[in-house]
Student: 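Can you keep this structure in mind? I'll have questions shortly.
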Amino acid sequence: GSAVAMPLPQLYMEEGLLTGDTMRSSAPQLSPKSIILSGSSSSMTNAQVANRIASGKQSLQLDPLALAEDGQSDVLEWVRSASFEEAPLVYATAAPEKVKAAQEVLGVEKAGKIVEDTLAKCALEARDAGVRRFVVAGGETSGAVTKALEVTRLDIADEIAPGVPWTFCVSGGHQIALTLKSGNFGNETFFADALSKLET
């Protein structure tokens, strides 16, 4: 959590592990191609997804039941053909009753795993298509995406909203930007705010 990490620089200086004149790394220059991946079904993430859809940007909703029956091929084909300059949104975010209905058929664990695996594969498809900016909503989704992208280190950059910064890392030999947002963090315009923050 960010609250745990905040005092670390001062402690590192007191221990002699860091000096006050340590240079701050500059943000890498990245392709503007972006994607938003949302697995959280919190009330705020539902509002953020609705706000993004209302803006007219490309979006695709995942259906766990359809994924269980038909597989991921149609979803991954949609990702490959998406316009990444417009930061398409792939989301499983839904109202609680819809989430519960899928869980009753598939089981809680299986329903969650199907969604997280699909969003993780979407991240890989996007990266291999040249995407270098990833906005990820949901704790489990963030874990699945970072694991799929084989991220082992994050350099913390500017804060987008309280507790949610941009981070930079390397995936598949490429420098990328990741923001990893737990469910109720940020306001309704978080997705657009995050992407615009990288332009400043």
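For reference, positions follow the sequence shown, starting with 1.
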Student: Could you tell me whether Glu97 atom CD has more than 12 heavy atoms of other residues or ligands within 6.0 Å of it?
Tutor: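 Counting neighbours around CD of Glu97, more than 12 heavy atoms of other residues, nucleotides or ligands fall under 6.0 Å, so yes.
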Student: Measuring from atom CZ of Arg153 to atom OG1 of Thr167, what distance do you get when rounded to the nearest 0.5 angstrom?
Tutor: 11.5 Å
Student: Can you tell me if Asp70 has over 12 outside heavy atoms packed within less than 6.0 Å of its CG?
Tutor: yes
Student: Assess the residue pair Asp193 and Asn187 against the criterion (side chain to side chain contact (heavy atoms under 4.5 Å, CB included)); give the C-alpha distance rounded to whole Å, side-chain angles, the decisive distance to 0.1 Å, and a yes or no.
Tutor: CA-CA 9 Å; Asp193 294 346; Asn187 60 21; 3.3 Å; yes
Student: Taking all non-hydrogen atoms of both residues, which atom of Pro162 and which atom of Phe185 are closest, and how far apart?
Tutor: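 That closest heavy-atom pairing would be O-CD2, 3.3 Å.
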Student: Do Leu30 and Ile176 have side-chain heavy atoms sitting under 4.5 Å apart?
Tutor: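 No, their side chains stay 4.5 Å or more apart.
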Student: If we only count heavy atoms from C-beta on, is the Leu198 to Asp158 side-chain gap below 4.5 Å?
Tutor: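 Leu198 does not reach Asp158 side chain to side chain.
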Student: When hydrophobic residues are tied together by side-chain contacts of less than 4.5 Å, even through go-betweens, does Ile114 share a cluster with Val108?
Tutor: no
Student: Are Val164 and Glu159 packed together at the side-chain level, in the sense that at least one heavy-atom pair is separated by less than 4.5 angstrom?
Tutor: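 Contact flag for Val164/Glu159 side chains = no.
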Student: Where do Val145 and Leu119 come nearest, in terms of heavy atoms and distance?
Tutor: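 Looking at all heavy atoms of both residues, the closest pair is CG2-O, 4.2 Å.
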Student: Leu37 and Val151: same hydrophobic cluster, using ILVMFWY side-chain contacts below 4.5 Å?
Tutor: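 Linked within one cluster.
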Student: Nearest 0.5 angstrom please: Gln58 CD to Ile35 CD1, how far?
Tutor: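 These two atoms lie 9.5 Å from each other.
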Student: Which pairs would a plain distance check flag for residues 76-83, meaning a side-chain donor or acceptor within less than 3.5 Å of a matching protein atom at least two apart in sequence or in another chain?
Tutor:
| from | atom 1 | to | atom 2 | distance (Å) |
| --- | --- | --- | --- | --- |
| Glu77 | OE1 | Arg80 | NE | 3.4 |
| Glu77 | OE1 | Arg80 | NH2 | 3.2 |
| Arg80 | NH1 | Glu125 | OE1 | 3.2 |
| Arg80 | NH1 | Glu125 | OE2 | 2.9 |
| Ser81 | OG | Glu77 | O | 3.2 |
| Ser81 | OG | Trp78 | O | 3.1 |

Student: Could you tell me whether the side chain of Cys169 reaches within less than 4.5 Å of the side chain of Asp155, counting heavy atoms only?
Tutor: no
Student: Linking I/L/V/M/F/W/Y whenever their side-chain heavy atoms sit closer than 4.5 Å, directly or via other members, would Ile160 and Met44 fall into one cluster?
Tutor: no
Student: How about Glu69: does its CD atom have over 12 heavy atoms from other parts shown lying under 6.0 Å from it?
Tutor: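 No, the 6.0 Å shell around CD holds no more than 12 heavy atoms from other groups.
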Student: Check the side chains of Arg132 and Ser31 for a donor-acceptor pair under 3.5 angstrom, ignoring hydrogens and angles.
Tutor: no
Student: Which pair of non-hydrogen atoms, one from Gly39 and one from Thr141, has the smallest distance, and what is that distance?
Tutor: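 It is CA-OG1, 3.2 Å.
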Student: Looking at side-chain heavy atoms only, is the closest gap between Leu178 and Leu149 below 4.5 Å?
Tutor: yes
Student: Verify the neighbour count for atom CD of Glu140: are there more than 12 heavy atoms of other residues, nucleotides or ligands below 6.0 Å?
Tutor: no
Student: Here's a test for you: under side chain to side chain contact (heavy atoms under 4.5 Å, CB included), which of Phe190, Phe134, Phe191 qualifies with Thr179?
Tutor: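 Of all the options given, the one that passes is Phe190.
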Student: Considering only heavy atoms from C-beta outward, does the side chain of Leu62 approach that of Tyr91 to under 4.5 Å?
Tutor: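 SC-SC contact between Leu62 and Tyr91 ruled out.
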Student: Please tell me if the side chains of Leu195 and Ile36 come closer than 4.5 Å, counting only heavy atoms from C-beta onward.
Tutor: yes
Student: Is a side-chain donor-acceptor pair under 3.5 Å present for Thr45 with Lys181?
Tutor: yes
Student: Could you give me the CA-CA distance, side-chain angles and deciding distance for Leu154 and Leu180, then say whether side chain to side chain contact (heavy atoms under 4.5 Å, CB included) is met?
Tutor: CA-CA 11 Å; Leu154 294 173; Leu180 308 168; 4.1 Å; yes
Student: Same hydrophobic cluster for Leu124 and Leu60, using side-chain heavy-atom links shorter than 4.5 Å among ILVMFWY?
Tutor: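 They do share one cluster, since a chain of ILVMFWY contacts under 4.5 Å joins Leu124 to Leu60.
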Student: Does the side chain to side chain contact (heavy atoms under 4.5 Å, CB included) test come out yes or no for Lys121 and Gln72, once each step is laid out?
Tutor: CA-CA 9 Å; Lys121 287 184 179 177; Gln72 304 167 332; 2.9 Å; yes
Student: Roughly how far apart are Gln61 CD and Thr93 OG1, rounded to 0.5 Å?
Tutor: 8.5 Å
Student: Closest approach of Gly138 and Ser40, non-hydrogen atoms and distance?
Tutor: CA-CB, 3.6 Å
Student: How many angstroms lie between atom NZ of Lys113 and atom OG1 of Thr118, to the nearest 0.5 angstrom?
Tutor: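 Here the rounded value is 9.5 Å.
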Student: What pair of heavy atoms forms the shortest contact from Ser34 to Pro88, and how long is it?
Tutor: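 The answer is O-CD, 3.3 Å.
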Student: Between Val115 and Ala92, which heavy-atom pair has the shortest distance, and what is it?
Tutor: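 So the minimum-distance heavy-atom pair works out to CG1-CB, 3.4 Å.
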Student: Measure the spacing between CD of Glu86 and OG of Ser55 and express it to the nearest 0.5 Å.
Tutor: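 The CD atom of Glu86 sits 9.0 Å away from the OG atom of Ser55.
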Student: Could you state the interatomic distance from CG (Leu18) to OH (Tyr12), rounded to the nearest 0.5 Å?
Tutor: 9.0 Å
Student: Do Trp166 and Val135 come close enough that some side-chain heavy atom pair is under 4.5 Å?
Tutor: yes
Student: Counting only heavy atoms not in Glu15, do more than 12 fall under 6.0 Å of its CD?
Tutor: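 Not more than 12 within 6.0 Å, no.
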Student: Hey, is the main chain of Ala47 close enough, under 3.5 Å, to the side chain of Asn51 for a donor-acceptor pair?
Tutor: no
